[in-house]
Asker: 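This is the structure I have questions about; it appears just below.
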Amino acid sequence: MPRLAVLPGDGIGREIVDALAPLFARLEEKTGETFDRTEGLIGGVAIDTVGTPLPEETVSLCQSADAVLLGAVGGPKWDHMPTSTRPEAGLLGIRKALGLFANLRPAKLFPALASASTLKPEVISGLDLLVVRELTGGLYFGQPRGRSQVDGQRQAVDTLFYTEAEVRRVVKMAFELAMVRRKHVTSIDKANVLNSSQLWREIAEEVARDYPEVELTHQLVDNAAMQLVRNPAQYDVVVTENMFGDILSDEAAQLTGSLGMLPSASLGGEIGLYEPAHGSAPDIAGKDLANPLATILSVAMMLKYSFSLHEIADQLEAAVDQVLADGYRTADIADAGQAVQVVGTKQMVSLVIERW
């Protein structure tokens, strides 16, 4: 029996996870398997309930599962808290506990949503890229870090630190993924300024020697930020360090029209974690307005990477594509210039199930 740890989290995370119950019933029909789904606390709701963003019970639950599905964490209610105890610390903590060192975020244009993008259709035509972001090193984790006051002046320090092993494993994953895509890796760094990026580039070149079928291109991060909105179809697999990946993957996501459409997977350990790229959106929580498609597409990634159900995952992605082609939209992706039917969270899930 496949075991799935479900962490609804905050805001619309709870609402979307609840709406997906019929989707899992359909999955069980298609596979003949019963998916054991057990919920745990994370983020703001965990803080409010037990006083910490990542309870030990949640860590144990995830470590005993075959995969983890997460809704969303965070919200203004907890923004006043110290960084180490805010809801987002729960997400960072579970990634570390599961040894997840690579975040995969695809940005693929569904043809029916071409007009939802802020870019011209001819610019985003053919968009199908995958950002592979290093997840456990760099500025977000390097030491020393912190704030102090010297001679009456406030000061702060963050350290961009990487080891050879950290870089090599995530770059190797990018090349492995490129082998089953279009065999092109773009490694993004700031090697003209940063020592860490010079190391990154050296190791990318070394890894590339083991994959002669894959073309490797280097880009500086500032140029990559421009190229993503100038000619995004040039990219296949993009690999980069933690902070650059955090920024560029959001930029890439917006090319598709809405963060509400973007799934993600965090991999590297034995247990993968899958979550939508959007936030908790507390302003619309509980109003049947949230777009569930990013979470549904995250489930599709889970079926591929954790359960090797590639055909069923492809069918689920095709069902999403068909719903959009049939003219159904949640409010965040509805274009006033198109004749579309705006539906709520639950109905959108039902429409996908009908086509799956």
Side-chain angles (χ1 to χ4, degrees), residues 4-24 37-55 57-59 61-62 67-95 103 105 116 246 249-250 253-254 256-266 273-302 320 329-334 342-350 352:
L4 183 59
V6 181
L7 313 180
D10 307 317
I12 61 174
R14 170 83 270 173
E15 182 178 5
I16 292 175
V17 165
D18 286 347
L20 291 190
L23 186 88
F24 280 100
R37 306 193 309 279
T38 305
E39 290 194 359
L41 296 172
I42 195 170
V45 66
I47 293 170
D48 292 348
T49 305
V50 297
T52 175
L54 184 62
E57 293 84 353
T58 298
V59 175
L61 169 66
C62 294
V68 180
L69 179 65
L70 187 145
V73 298
K77 178 180 179 181
W78 304 281
D79 283 352
H80 67 284
M81 300 179 69
T83 301
S84 61
T85 58
R86 284 172 58 168
E88 293 79 6
L91 179 56
L92 295 177
I94 195 61
R95 287 171 174 169
N103 180 251
R105 191 183 297 182
D246 193 0
S249 60
D250 273 5
Q254 190 56 43
T256 67
S258 172
L259 277 172
M261 291 297 303
L262 273 297
S264 77
S266 296
L273 183 149
Y274 304 88
E275 60 178 311
H278 60 66
S280 61
D283 56 320
I284 63 169
K287 299 180 180 179
D288 197 39
L289 294 173
N291 186 345
L293 295 179
T295 308
I296 291 174
L297 292 168
S298 296
V299 170
M301 294 185 77
M302 178 188 73
V320 171
R329 305 283 189 274
T330 47
D332 62 306
I333 53 174
V342 178
V343 299
T345 307
K346 294 178 181 178
Q347 187 176 354
M348 181 60 84
V349 175
S350 296
V352 172

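Only a predicted model underlies this, so the values are computations on that prediction, with no experimental measurement involved.
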Asker: What are the two closest heavy atoms between Val17 and Gly71, and how far apart are they?
Answerer: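 That closest heavy-atom pairing would be CG2-CA, 4.4 Å.
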Asker: Do you know the tightest heavy-atom contact between Thr83 and Ala89?
Answerer: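 Nearest pair, atom of Thr83 first, then Ala89: O-CB, 3.9 Å.
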Asker: When rounded to the nearest 0.5 angstrom, what distance separates NZ in Lys287 from CD1 in Ile12?
Answerer: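 So the NZ of Lys287 and the CD1 of Ile12 are separated by 12.0 Å.
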Asker: Check Pro8 against Gly40 and note the closest heavy-atom contact, atom names and distance.
Answerer: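 Answer, listing the atom of Pro8 first, then Gly40: CD-O, 3.7 Å.
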Asker: By side chain to side chain contact (heavy atoms under 4.5 Å, CB included), which residues pair with Thr58, not counting sequence neighbours?
Answerer: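 Side chain to side chain contact (heavy atoms under 4.5 Å, CB included) check on Thr58 returns Leu7, Leu41, Leu54, Pro55, Cys62.
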Asker: Measure the spacing between CD of Glu15 and CD1 of Ile284 and express it to the nearest 0.5 Å.
Answerer: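 Interatomic distance, Glu15 CD to Ile284 CD1, rounded to 0.5 Å: 7.5 Å.
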Asker: Report yes if some heavy atom in the side chain of Leu69 is under 4.5 Å from a heavy atom in the side chain of Phe24; otherwise report no.
Answerer: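 When only atoms from C-beta onward are counted, Phe24 and Leu69 do touch, with a gap below 4.5 Å.
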Asker: Taking only residues two or more places apart in sequence, or in another chain, which ones meet Glu275 in a salt bridge (Lys or Arg N to Asp or Glu O under 4.0 Å)?
Answerer: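 Partners of Glu275 under the salt bridge (Lys or Arg N to Asp or Glu O under 4.0 Å) test: Arg95.
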Asker: Does a side-chain N-to-carboxylate-O contact under 4.0 Å join Asp250 and Arg105?
Answerer: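 Salt bridge between Asp250 and Arg105, a charged N being under 4.0 Å from a carboxylate O: yes.
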Asker: Would a 4.5 Å heavy-atom cut-off, applied to side chains only, mark Pro282 and Asp10 as touching?
Answerer: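 Pro282 vs Asp10: side chains apart.
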Asker: Can you list the residues that meet the side chain to side chain donor-acceptor pair (under 3.5 Å) rule with Ser298, with sequence neighbours excluded?
Answerer: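 Not a single residue meets the side chain to side chain donor-acceptor pair (under 3.5 Å) criterion with Ser298.
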Asker: Are any of the side-chain heavy atoms of Leu293 and Ile296 separated by less than 4.5 Å?
Answerer: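 In contact.
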Asker: Which pair of non-hydrogen atoms, one from Pro53 and one from Ala46, has the smallest distance, and what is that distance?
Answerer: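 Result for this residue pair: O-CB, 3.9 Å.
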Asker: Kindly say whether Ser264 contributes a backbone atom to a donor-acceptor pair with the side chain of Asn103 at under 3.5 angstrom?
Answerer: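 Absent.
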Asker: When you compare the side chain of Ile94 with that of Ile42, does any pair of heavy atoms fall below 4.5 Å?
Answerer: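 Sidechains of Ile94 and Ile42: in contact.
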Asker: Could you measure the distance from the CG atom of Asn291 to the CD1 atom of Ile333? Nearest 0.5 Å is fine.
Answerer: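 It comes to 5.0 Å.
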Asker: Within the side chain of Thr345, is there an N or O that forms a donor-acceptor pair under 3.5 Å with the backbone of Pro292?
Answerer: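 Not at all, since once roles are kept as given, no pair shorter than 3.5 Å links the two residues.
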Asker: Drop me the distance from His278's NE2 to Thr295's OG1, to the nearest 0.5 angstrom.
Answerer: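 Taking NE2 in His278 and OG1 in Thr295, the distance rounds to 4.0 Å.
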Asker: Can you name the closest pair of heavy atoms from Pro87 and Trp78 and give their distance?
Answerer: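 Between these two residues, the closest heavy atoms are CD-CB, 3.5 Å.
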Asker: Residues two or more places apart in sequence or in another chain: which of them pass side chain to side chain donor-acceptor pair (under 3.5 Å) with Asp246?
Answerer: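 By the side chain to side chain donor-acceptor pair (under 3.5 Å) rule, Asp246 matches Tyr140.
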Asker: As a quick check of understanding, evaluate side chain to side chain contact (heavy atoms under 4.5 Å, CB included) for Arg86 and Asp79, giving each step before the final call.
Answerer: CA-CA 7 Å; Arg86 284 172 58 168; Asp79 283 352; 3.3 Å; yes
Asker: Could you list the residues that satisfy salt bridge (Lys or Arg N to Asp or Glu O under 4.0 Å) with Glu39, not counting sequence neighbours?
Answerer: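 Once residues adjacent in sequence are excluded, the partners of Glu39 under the salt bridge (Lys or Arg N to Asp or Glu O under 4.0 Å) criterion are Arg14.
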Asker: Using the salt bridge (Lys or Arg N to Asp or Glu O under 4.0 Å) criterion, which residues pair with Lys77? Sequence neighbours excluded.
Answerer: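 Asp48.
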